[in-house]
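Let me begin by presenting the structure, written as structure tokens, before commenting on it.
So that the names make sense, note that chain A is the first sequence line, chain B the second, and so on, each numbered from 1.
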Amino acid sequence: MKVKEEILIKVGDREVAVPKGTPLGEVLSMVGIDNALGAKLGDRIFDLQTPLHEGGQLKILKKGDPESLEILRHSLAHIMAQALKELYGTEKVHLGIGPTTEDGFYYDVEVEGHSITEEDLPRIEAKMREIIEKNYPILRREIKREEAIDLFNSLSEKYKIDIIERIPEDEPISVYEQGDFVDLCKGPHLPSTGKAGAFKLTGISGAYWMGKADQPQLTRIYGLAFWTDKELRRRLKFYEEVKKRDHRKLGRELDFFMIDEKVGAGLVIWLPRGSTYRRILEDYWKEEHLKRGYQFVYTPHVGKAKLWEISGHLEYYRENMFPEMEMEGESYYVKPMNCPFHISIYKSRVRSYKELPLKLAELGSVYRYEMSGVLHGLLRVRGFTQDDAHIICTPQQVDDVIKETLDLALAMLRDFGFEEFKIYVSTRPPYAIGSDDQWEISQKALLKAVEDLGYKAEIDEGGGAFYGPKIDIKIKDALGRLWQCSTIQFDFNLPERFDMTYIGPDNKKHRPYMIHRALLGSIERFTGILLEHHGGLLPLWLSPTQAVIVPIADRHIEYSRNILRRLSEEGIRAELDERDERMNAKIREAELMKIPFILVVGDREVEGGTVSVRSKRDGSLGSISVEEFVELVKELVREKK
RNA sequence: GCUGGCGUAGCUCAGUCGGCAGAGCGCGGGAUUUGUAAUCCCGUGGUCGUGGGUUCAAGUCCCACCGCCAGCUCCA
């Protein structure tokens, strides 16, 4: 008889040698651990029943450990599947996949003869609680491929058969059973259904089988899951906060923007107040770029087909472009990108190395066809303005150019109140154009810039575009969500396609490097993120109205007008509320509009030449002189607070 | 684009079984002159998303389209 191979398992500082294939639970009881739910070995989480085939250091997972949630959520997905089968009939419910998510789980299912709606969720939840109540043991079993196919055929689980067929021949096939429910699953799972924690089904949606549009669409049922009710409630509260800060709601409440279905889906109309904010943002953006040697250009919104042919957009980007327009026998396209125009500017004359790096910047409005289902407020639209620029430089300049650009991006994002960033560098994908040298030089420049600025780059190996590597900056907002804004991208493709050259010191033609970059991304998306980040209360320097003057009675209006004049002279955006309303109503409205300062003016103020200042952020600041207020505002604006 | 849900006054929303289209806010007029989040009175406001159909009768039932929402997929 063959002696079973042994593996060495480390738990804390203890070591045990066990036969290969010993279940985790047995190993743990050997070392006297009886309250674990599972353990992490390498990257994989094992439950107690899963046999270990490799040795290594175990990280014990107990109830309450963040990583043990994985086990809980997996099991809740099964419990939900069991509930569905009991409610709608085993043979009617076809299960897809049921993985865990960041804060819960989902299961993709097809229910014959019934389309599940939100209204069904309470029933499903109740059934799930019943299953938890019954505390079925959850049993793991490894079975042969043929047996698995027979089993799931008999259960009319067509999608499970599909999965089995994709499992490599040498991998074991495991199933988990609880009561009379059985599911194909790798695990990990709880020892029994009664161990499940707090959960709530939150919604449903459609999802394609295997994520492919040509496959049938299943119903995805989402749930949240945590060990305790408290954590679950905290998560629900977070979603409430997200809802409250929704930029679409804020955009309407603050009169920032609108989207009119008569105009078209995904086409944003900026209202006066939003436009004031945008003007300030754009002025700031231009100033920051001027300081760094950018030159501004304006380019058309449409271009001839030939241009898009040379750029390759018609070949590779057509499905994202608005359709062709014909005129005088020529066809034109609305621009989805600004690059070809900036390249035209570059190529308008012979360029010397002495004028490089050339930095051409434009707040360029582009139009892209997006599927109707993906449009979302300001975050996903069909017409938007990129804060775009193309930097054309020599290979020697690449390091400095990248560093300066990354620095500019971070400095601007900080001025808007973002503090935390994640920086991703994406490197050469398997299929790529450009020479090894080009990739080498540019990837190094990207990594060096990130490092020099004191950040650690997350490397997305092979994640670059075929035409060059890139840096993406993701910003963390006040709720901890990550958003991608800045992108700094090398392009080895367009300089070739457009045959861009410069004359070097050797009096010969050379191919320049081109960097495409957008730092805020698009004004629209950035504004959406900014509104949500600040919950609508924008930093003072960006507020369309910085102060509202509220006279208590008509006799204070004249004095109020003087104040308004004085503030306007200082460039402070102030308004005077002269309406025949009570002071309280005016204050309320200004508060709802999230105006940073309310200046109440009555007899006392007129007499003392002061204003009574009420700050949105800090509450009452008492009565101060008008000049003091001017200084306060100027100081805050200067500091971008 | 796909799946599911939704679309009623400028906004938020009610409208039962198919039987006269409603409220609050807003907006207009008037009264009121007030000390830190809604003064009172009167008035105004609708092709019930659009177009068809069923019916004596459609906001309500059916079909198509448009738009919105949650996702899938995709992305600045």
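- Pairing for B:U54 is absent, judged as Watson-Crick or G-U wobble with the two contacts each under 3.5 Å.
- Listed nucleotides: B:U36, B:A76, B:C72. Nearest to the side chain of A:Y222: B:C72.
- You'll find that the side chain of A:I204 is closest to B:G4, out of B:G1, B:G4, B:C75.
- Residue contacts shown for A:A585 are limited to sugar-phosphate atoms, with no base heavy atom under 4.0 Å away.
- Here the side chains of A:I488 and A:L406 are in contact, with some heavy-atom distance below 4.5 Å.
- On the P atoms, B:C11 is 14 Å away from B:U50, given to the nearest whole Å.
- For A:Y106 and B:G71, a side-chain-to-base donor-acceptor distance below 3.5 Å is absent, hydrogens and geometry of angles not being considered.
- When the C1' atom is used for both B:C17 and B:U55, the distance is 15 Å, rounded to whole Å.
- If you check distances only, the side chain of A:D554 does reach the base of B:U33 with a donor-acceptor pair under 3.5 Å.
- Without hydrogens or angle criteria, A:W308 side chain to A:G303 main chain gives a donor-acceptor distance under 3.5 Å.
- Remark: A:R582 is not in phosphate contact with B:C40, judged by side-chain N or O atoms under 4.0 Å from OP1 or OP2.
- Nucleic acid contact class of A:N320 (heavy atoms, under 4.0 Å, all strands): none.
- With B:G35, B:C68, B:G1 as the candidates, the nucleotide lying closest to the side chain of A:D603 is B:G35.
- Within 4.0 Å (heavy atoms only), A:G203 reaches no atom of the nucleic acid at all.
- Checked by atom type, the side-chain pair A:Y239/A:D103 shows a donor-acceptor distance below 3.5 Å.
- A donor-acceptor contact under 3.5 Å links the side chain of A:R614 to the base of B:A37.
- Between A:K470 and A:D472 there is a salt bridge, since a side-chain N of the basic residue sits under 4.0 Å from a carboxylate O of the acidic one.
- Pairing for B:U34 is absent, judged as Watson-Crick or G-U wobble with the two contacts each under 3.5 Å.
- Side-chain N/O atoms of A:E370 and base N/O atoms of B:C75 include no donor-acceptor pair closer than 3.5 Å.
- If you find the closest nucleotide of RNA chain B to A:Y369 and to A:I552, the one lying nearer the 5' end belongs to A:Y369.
- In this structure, of B:C74, B:A37, B:G35, it is B:A37 that holds the atom nearest to the side chain of A:L592.
- Across the protein-nucleic acid pair, A:Y316 atom OH and B:C75 atom P stand 16 Å apart, rounded to whole Å.
- In this entry the distance linking CG of A:L218 with P of B:U73 reads 12 Å, nearest Å.
- In the set B:G71, B:A37, B:C74, the nucleotide with an atom closest to the side chain of A:R380 is B:C74.
- Checking the phosphate oxygens (OP1, OP2) of B:G1, a side-chain nitrogen or oxygen of A:S372 falls inside 4.0 Å.
- Base pairing analysis places B:G46 opposite nothing; no Watson-Crick or G-U wobble pair with both distances below 3.5 Å involves it.
- Within 4.0 Å of A:M371, counting heavy atoms only, lies at least one base atom of the nucleic acid.
- A salt bridge is absent between A:R428 and A:E461: the closest approach of a Lys/Arg side-chain nitrogen to an acidic carboxylate oxygen does not fall below 4.0 angstrom.
- In this structure, A:L621 atom CG and B:U36 atom C1' are separated by 12 Å, rounded to whole Å.
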> Between A:F416 and A:L542, does a side-chain contact (heavy atoms from CB on, under 4.5 Å) hold up when you go through it step by step?
Replying inline: CA-CA 9 Å; A:F416 285 97; A:L542 287 164; 3.4 Å; yes
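- Checking A:Q386 against A:S623, the closest nucleotide of RNA chain B that is more toward the 5' end is the one next to A:S623.
- The nucleotide whose nearest atom lies closest to any side-chain atom of A:A265 is, among B:A76, B:A37, B:G67, B:G67.
- Between the side chain of A:Q489 and the backbone N or O of A:H516, no donor-acceptor pair lies under 3.5 Å.
- Under the Watson-Crick or G-U wobble criterion, with both distances below 3.5 Å, B:C6 is paired with B:G67.
- For a distance-only test at 3.5 Å, the side chain of A:R525 qualifies as a donor-acceptor partner of the base of B:C75.
- Taking the P atom of each, B:C68 and B:U12 are spaced 15 Å apart, rounded to whole Å.
- Base pairing of B:G24 is made with B:C11, judged by Watson-Crick or G-U wobble geometry with both donor-acceptor distances under 3.5 Å.
- Taking side-chain N and O atoms only, A:R248 has a distance below 4.0 Å to OP1 or OP2 of B:A70.
- At least one cation-pi condition fails for A:R234 and A:F226: the charged atom is not both under 6.0 angstrom from the six-membered ring centre and inside a 45 degree cone around its axis.
- A:L375 places its CG atom 14 Å from the P atom of B:G71, with the value rounded to the nearest Å.
- To the nearest angstrom, P of B:C11 lies 16 Å from NZ of A:K249.
- The residue A:L520 sits apart from the nucleic acid: no heavy atom pair falls under 4.0 Å.
- A distance of about 14 Å separates the C1' atoms of B:G7 and B:C65, rounded to the whole Å.
- Remark: ring of A:F384 stacked against base of B:A76; centroid gap under 5.5 Å, plane tilt under 30°.
- Across all strands shown, the partner of B:C72 is B:G1, judged by Watson-Crick or G-U wobble contacts whose two distances both fall under 3.5 Å.
- For A:R220, no side-chain nitrogen or oxygen approaches OP1 or OP2 of B:G4 to under 4.0 Å.
- Nucleotide B:C13 holds its C1' atom 13 Å from the CZ atom of A:R252, rounded to whole Å.
- In this entry the distance linking CE of A:M593 with C1' of B:G26 reads 13 Å, nearest Å.
- Between A:H376 and B:A70, a side-chain N or O to OP1/OP2 separation shorter than 4.0 Å is present.
- If you check every strand for non-hydrogen atoms under 4.0 Å, A:V381 touches a base.
- At whole-Å resolution of the value, CG in A:D577 and P in B:U33 are 18 Å apart.
- Comparing B:A58 with B:G53, their C1' atoms sit 11 Å apart, to the nearest whole Å.
- One cannot find a donor-acceptor pair under 3.5 Å joining the base of B:A38 and the side-chain atoms of A:E591.
- No contact: A:E589 has no heavy atom under 4.0 Å from any strand.
- No hydrogens or angles considered: nothing links the side chains of A:Q386 and A:S522 as a donor-acceptor pair under 3.5 Å.
- Which of B:C68, B:C2, B:A76 sits closest to the side chain of A:Y208 comes down to B:C2.
- Remark: the separation of the P atoms in B:C63 and B:G5 is 11 Å, to the nearest Å.
- Taking atom P in both B:C48 and B:A9, one finds a spacing of 10 Å when rounded to whole Å.
- Comment: A:K158 does not engage A:D162 in a salt bridge, judged by the lack of any side-chain N to carboxylate O separation of less than 4.0 angstrom.
- Applying the 4.0 Å criterion to OP1 and OP2 of B:U34, one finds that A:R555 has a side-chain N or O inside that range.
- No hydrogens or angles were tested; on distance alone, a donor-acceptor pair under 3.5 Å links the side chain of A:E605 to the base of B:G35.
- Separation of the P atoms belonging to B:A21 and B:G1 is 35 Å when rounded to the nearest angstrom.
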